[in-house]
Amino acid sequence: MTAAPPAAAVRLPSLLRVSLVRGATELRIFFRQRESVVFTFALPIILLVLFGQIFRGQIGHTGVGFRQYFIAGIIASGLMSTTFVSLGVSVAADRDDGTLSRLAGTPLPAAGYLAGKAILALAVCLLEVAAALTIGVTLLGLHLPATPERWLTLGWVLVLGSVTCSMLGLAVGCFVSSTRSAFAAVNLPYLVLSFISGVYFVFARLPAGLQHLAAVFPLKWICQGLRSAFLPDRLLAAEPAHNWEHGRIALVLGAWLAASLVVCVRTFRWRRQGDR
């Protein structure tokens, strides 16, 4: 009597494949929520139209209009709302409604869940930027980046900025205990940073103390990176450092990304303490 051959080992899908599948699932869930879709895409467009009607002059003697200046800040603000705010609340909501508890019983690793959320945020962010730029160029006469180098800058700042803010939002979502507390935990810093990072005001005209405070956080550097893509170099006269500082932008965003990843790895739990 011969022994039965050993059972074939079950090969689980790779982390990349699991992450892409989870990201596709997150996208389907997002686009089924019509109110959320409308609000997400409408916010930067409404801000662009309002700013286009309110600000019609030029910045000093640079020949660059306020409309063109503020497009960078509005896109950056929409990026942070779509990533940091939305994902921070989303993780808390998944914990509250039992989604995380159900996913804990599946082969989905924590890294795949977090990566799926980041994929959702990046995809929605890029679509949001495309919609805002289309409206801005069509209705307000805004100018797109003028050279391939500026398009490249726009691309890497958007991707690095959205991934950094996504991981930061996920890190906050790992800490908060409920959806209600998540709204306060993400909306308060988002609103404060929007006012001191060059979204609603020319950054160089803010008090020096607020400029130094904003420089600690990602949103200021995302705004600056986007301005370097949309604005001519003669606007460097309106920048505090008189330089776009691309290297420092990448360094600051990379540092926040690394710190957020460490926090997510160390603090993410499928269930709250005390849950069964």
Side-chain angles (χ1 to χ4, degrees), residues 12-27 29-30 36 79-125 159-194 197 213-222 250-276:
L12 295 177
S14 66
L15 177 60
L16 175 60
R17 182 179 178 184
V18 169
S19 301
L20 292 174
V21 170
R22 184 63 202 175
T25 301
E26 293 283 354
L27 282 167
I29 294 172
F30 171 78
S36 178
L79 179 153
M80 192 170 186
S81 175
T82 302
T83 55
F84 174 72
V85 175
S86 296
L87 293 190
V89 173
S90 178
V91 173
D94 284 351
R95 187 177 292 113
D96 277 353
D97 66 15
T99 298
L100 287 183
S101 294
R102 292 190 294 272
L103 290 175
T106 70
L108 177 69
Y113 169 79
L114 296 174
K117 291 287 188 184
I119 290 171
L120 163 69
L122 177 60
V124 173
C125 179
V159 172
L160 182 57
S162 64
V163 173
T164 299
C165 290
S166 294
M167 295 312 301
L168 187 57
L170 292 171
V172 172
C174 292
F175 274 108
V176 295
S177 58
S178 66
T179 307
R180 181 176 298 178
S181 59
F183 276 107
V186 295
N187 277 301
L188 178 60
Y190 166 67
L191 290 174
V192 172
L193 290 176
S194 293
S197 299
L213 177 62
V216 177
F217 299 97
L219 185 57
K220 180 264 184 189
W221 299 102
I222 297 172
L251 181 63
V252 174
L253 294 182
W256 275 100
L257 174 58
S260 301
L261 282 170
V262 171
V263 171
C264 287
V265 169
R266 292 184 174 272
T267 63
F268 179 79
R269 299 291 183 273
W270 292 110
R271 298 181 179 89
R272 287 174 294 201
Q273 290 185 353
D275 290 350
R276 294 184 177 180

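On a predicted model such as this, the values are computed, not experimentally measured, just so you know. For this chain, numbers begin at 1 and follow the sequence in order.
For the residue pair Arg102 / Thr99, a side-chain donor-acceptor distance below 3.5 Å is found, with atom types taken as modelled. Using a 3.5 Å distance cut-off with no hydrogens or angles, the side chains of Lys117 and Ser90 do pair a donor with an acceptor.
Under the side-chain contact (heavy atoms from CB on, under 4.5 Å) criterion, Ala111 pairs with Leu15, sequence neighbours left out. Every side-chain contact (heavy atoms from CB on, under 4.5 Å) that Leu120 has, sequence neighbours left out, goes to Glu26, Leu27, Phe30, Val124. In this structure Lys220 satisfies the side-chain hydrogen bond (donor to acceptor under 3.5 Å, both in side chains) test together with Gln224, sequence neighbours excluded. Residues satisfying the side-chain hydrogen bond (donor to acceptor under 3.5 Å, both in side chains) criterion with Ser181, sequence neighbours excluded, are Ser178. For Leu20, the side-chain contact (heavy atoms from CB on, under 4.5 Å) partners are Leu16, Ile119, not counting sequence neighbours.
Of all heavy-atom pairs between Ser197 and Ala214, the closest is OG-CB, 4.0 Å. The minimum heavy-atom distance between Ala93 and Thr179, with the atom names listed, is CA-OG1, 3.3 Å. Across all non-hydrogen atoms, the minimal contact from Gly88 to Ala182 is O-CB, 3.9 Å. Here the shortest heavy-atom pairing between Trp221 and Ala215 reads NE1-O, 2.7 Å. Shortest non-hydrogen contact noted between Gly173 and Val91 is O-CG1, 3.7 Å. Across all non-hydrogen atoms, the minimal contact from Ala184 to Pro189 is O-CD, 4.1 Å.
Within the structure, salt bridge (charged side-chain N to carboxylate O under 4.0 Å, His left out) contacts touching residues 175-194 (residues at least two apart or in different chains) do not occur.
In this structure, Ser194 and Leu219 have side chains that are in contact, with non-hydrogen atoms separated by less than 4.5 Å. In this structure the side chain of Leu114 never reaches within 4.5 angstrom of the side chain of Ser166, judged on heavy atoms. You'll find the side chain of Phe268 stays beyond 4.5 Å of the side chain of Leu170, heavy atoms only.
Between the OG atom in Ser81 and the CG atom in Asn187 there is a gap of 8.0 Å [rounded to 0.5 Å]. Taken from SG in Cys174 to CZ in Arg95, the straight-line distance is 6.5 Å, to the nearest 0.5 Å. Rounding to the nearest 0.5 angstrom, the gap separating the CH2 atom in Trp270 from the OG atom in Ser101 is 10.0 Å. To the nearest 0.5 Å, atom OG of residue Ser19 and atom CG of residue Leu108 are 8.0 Å apart. Atom OG of Ser260 sits about 10.5 Å away from atom CG of Leu253, to the nearest 0.5 Å. To the nearest 0.5 angstrom, Phe84 atom CZ is 5.0 Å from Leu168 atom CG.
Checked by atom type and distance alone, the side chain of Trp256 never pairs as donor or acceptor with a backbone atom of Leu251 at under 3.5 Å. Not a single donor-acceptor pair under 3.5 Å links the side chain of Thr164 to the backbone N or O of Gly161.
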Would you check, one step at a time, whether the test side chain to side chain contact (heavy atoms under 4.5 Å, CB included) holds for Val186 with Ser86? CA-CA 9 Å; Val186 295; Ser86 296; over 6 Å; no
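The local environment of CZ in Phe175 is sparse, with at most 12 non-hydrogen atoms from other residues, nucleotides or ligands closer than 6.0 Å.
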